[in-house]
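Everything numeric in this text was worked out from a predicted model, so none of it was measured.
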Amino acid sequence: MRSGTGIGIVRRRLHHSDVGGIRNENYETSGLDGLDEPLLGKRDYDDKHSEGKVMEEIWDDERKKEQLHWTLLFSNSIAQWAQWIANLVFGSGSFIVRHLPLLSNTKNRSNPKFIVPTVSPLQEERLRNLQQRLGVPFDGSRVDHQDALKLLWRLAYPNRELPPLKSELWKDMGWQGPDPSTDFRGGGFISLENLIFFAKKYPESFQRLLHKQDGNRADWEYPFAVAGINISFMLTQMLDLQSGKPSSLAGIRFLKLLGEDEMAFDDLYCVAFQMMDAQWLVKRASYMEFNDVLKSTRTQLERELSLEDVSSVKDLPAYNLLRR
């Protein structure tokens with residue numbers, strides 16, 4: 001049974017051993033395709049009664065859902081056309097040599113692979129700073145990390161009292177248990193920074209996703225905060241940020257965005273989160289399908305990054321889904 005509103009959504013509590021089966025603080029090196037189980041596993045939940053809505057609000061939800069559907073369809077079509085044109089162009093080896101220096105040289109023809117282009121000093125510095133951020137695990141004993149967690153609560157719930165660092169109230173935000181510090185693991189401190197950035201720069205989208213206000217939601221919804229951690233983790237893998245310099249196509253394209261904006265990773269995170277939720281609604285997904293939705297989000301994001309006219313995060317078609 002699906003509810004026609006994001007209000008009164010059934011929120012289920014997860015066990016912190018369920019997220020991708022990861023219990024340590026280190027990044028996984030395997031790709032998402034190697035995951036056999038959903039990143040968000042089984043969870044217990046407390047039933048809540050969904051509230052009714054007047055007919056005008058139901059129609060409003062349907063219009064929003066249709067808009068999200070067509071936006072995704074449009075951006076996907078653009079990406080497919082770009083890929084089709086690229087396939088035609090790739091028939092000319094001379095064009096590749098002249099215009100695509102990212103491709104491997106003739107010595108690697110037996111194993112075609114993208115190589116890192118020349119990186120400007122600015123890009124190199126920003127990439128190094130980002131990788132340093134990625135290397136910081138969340139530490140619940142650090143005061144600055146505690147303060148960041150408190151800031152996230154204030155941004156999410158400006159009219160609610162700040163709870164203790166260990167409280168059942170944190171589950172309202174989509175943490176798995178009363179202690180959010182147990183949920184970070186592979187996401188690291190940067191995943192908390194990403195959530196804070198999202199709440200500050202795109203507060204309307206952040207609030208709508210937090211409270212599941214768009215579209216007809218599943219009775220068994222994904223938990224907001226834990227989903228955010230998984231998105232940070234997915235982007236790190238997709239952009240090949242754990243290697244010295246990215247060698248994947250998405251990673252190389254991201255270097256271009258990083259040259260334009262030092263906070264490109266955080267902005268891309270916001271796009272990915274909004275895109276994931278839109279995919280969730282279009283697919284009419286439920287909790288156990290989260291892993292599939294995240295994979296399709298990654299695929300769509302890679303397609304949009306491959307578009308030739310994308311030189312900043314704002315050029316991505318899915319960026320138009322975000323609202324301030």
Side-chain angles (χ1 to χ4, degrees), residues 70-90 92 94-104 113-134 190 193-194 197-198 200-202 205 231-232 234-276 278-279 296-324:
W70 286 109
T71 301
L72 278 176
L73 186 62
F74 178 70
S75 63
N76 187 49
S77 298
I78 293 176
Q80 290 177 344
W81 271 101
Q83 184 63 50
W84 178 75
I85 294 173
N87 288 339
L88 292 179
V89 174
F90 285 176
S92 170
S94 59
F95 182 92
I96 295 175
V97 172
R98 292 197 310 269
H99 299 284
L100 294 180
L102 306 187
L103 291 176
S104 60
K113 182 180 179 181
F114 286 97
I115 61 174
V116 180
T118 302
V119 180
S120 70
L122 179 61
Q123 288 174 314
E124 188 171 355
E125 179 184 359
R126 290 178 174 178
L127 176 61
R128 183 169 58 251
N129 292 338
L130 176 57
Q131 290 173 331
Q132 289 176 352
R133 291 176 62 196
L134 290 168
I190 195 172
E193 292 180 317
N194 291 153
F197 181 90
F198 192 9
K200 285 183 175 181
K201 189 165 183 179
Y202 306 100
S205 286
I231 290 171
S232 297
M234 178 271 288
L235 284 178
T236 302
Q237 291 185 315
M238 184 188 82
L239 301 176
D240 194 26
L241 294 175
Q242 290 178 280
S243 60
K245 291 182 181 178
S247 58
S248 66
L249 176 57
I252 292 171
R253 296 288 294 175
F254 173 72
L255 285 176
K256 181 179 180 180
L257 308 187
L258 198 59
E260 297 295 326
D261 179 12
E262 186 175 6
M263 304 305 292
F265 182 83
D266 300 78
D267 269 317
L268 192 61
Y269 169 88
C270 300
V271 173
F273 208 142
Q274 184 69 71
M275 182 188 289
M276 184 279 294
Q279 294 260 6
S296 64
T297 300
R298 171 174 175 164
T299 299
Q300 180 64 24
L301 199 56
E302 288 174 330
R303 287 174 178 171
E304 294 199 7
L305 283 170
S306 70
L307 297 175
E308 285 299 319
D309 59 348
V310 172
S311 58
S312 71
V313 175
K314 292 182 180 181
D315 294 331
L316 296 170
Y319 180 82
N320 294 317
L321 295 172
L322 288 171
R323 288 175 282 181
R324 294 178 183 271

S312 and E260: side chain donor to acceptor below 3.5 Å: no
I190 and T236: CA distance, side-chain angles, deciding distance, side chain to side chain contact (heavy atoms under 4.5 Å, CB included) verdict: CA-CA 10 Å; I190 195 172; T236 302; 5.6 Å; no
Roughly how far, to the nearest 0.5 Å, is [atom2] of [Y] from [atom1] of [X]?
X: M276; Y: Q300; atom1: CE; atom2: CD; result: 14.5 Å
X: L316; Y: L322; atom1: CG; atom2: CG; result: 10.0 Å
X: Q242; Y: L134; atom1: CD; atom2: CG; result: 7.5 Å

With sequence neighbours excluded, residues passing side-chain contact (heavy atoms from CB on, under 4.5 Å) with T299: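 Partners of T299 by the side-chain contact (heavy atoms from CB on, under 4.5 Å) criterion, ordered by chain and then number, come out as R303.
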For E302, all residues meeting side-chain contact (heavy atoms from CB on, under 4.5 Å), sequence neighbours excluded: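 For E302 the side-chain contact (heavy atoms from CB on, under 4.5 Å) partners, ignoring immediate neighbours, are M238, A250, R298.
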Residue pairs fulfilling side chain to side chain donor-acceptor pair (under 3.5 Å) with at least one residue in residues 261-271, sequence neighbours excluded: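 Every side chain to side chain donor-acceptor pair (under 3.5 Å) pair that includes a residue of residues 261-271, provided the two are not neighbours, is R133-D266, N194-D266, K201-D267, Y202-D267.
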Shortest non-hydrogen contact from [X] toward [Y]:
X: Q131; Y: G244; answer: NE2-O, 3.2 Å
X: A264; Y: L257; answer: CB-O, 3.8 Å
X: L305; Y: R253; answer: O-NE, 2.8 Å

Donor-acceptor contacts under 3.5 Å from residues 119-126 side chains, at least two apart:
from, atom 1, to, atom 2, distance (Å)
S120, OG, Q123, N, 3.1
S120, OG, Q123, OE1, 3.3
Q123, OE1, S120, N, 3.0
Q123, NE2, L255, O, 2.8
R126, NH1, L258, O, 3.0
R126, NH1, G259, O, 3.1

Would a 4.5 Å heavy-atom cut-off, applied to side chains only, mark [X] and [Y] as touching?
X: F265; Y: L235; answer: yes
X: P246; Y: L241; answer: yes
X: I252; Y: D240; answer: no
X: M275; Y: E304; answer: yes
X: P317; Y: L307; answer: yes

Any pair counted as salt bridge (Lys or Arg N to Asp or Glu O under 4.0 Å), so long as it reaches residues 310-320, sequence neighbours left out: none
Results of ring pair (Phe, Tyr, Trp, His ring centres under 6.0 Å) for F198 - residues two or more places apart only: F206, F273
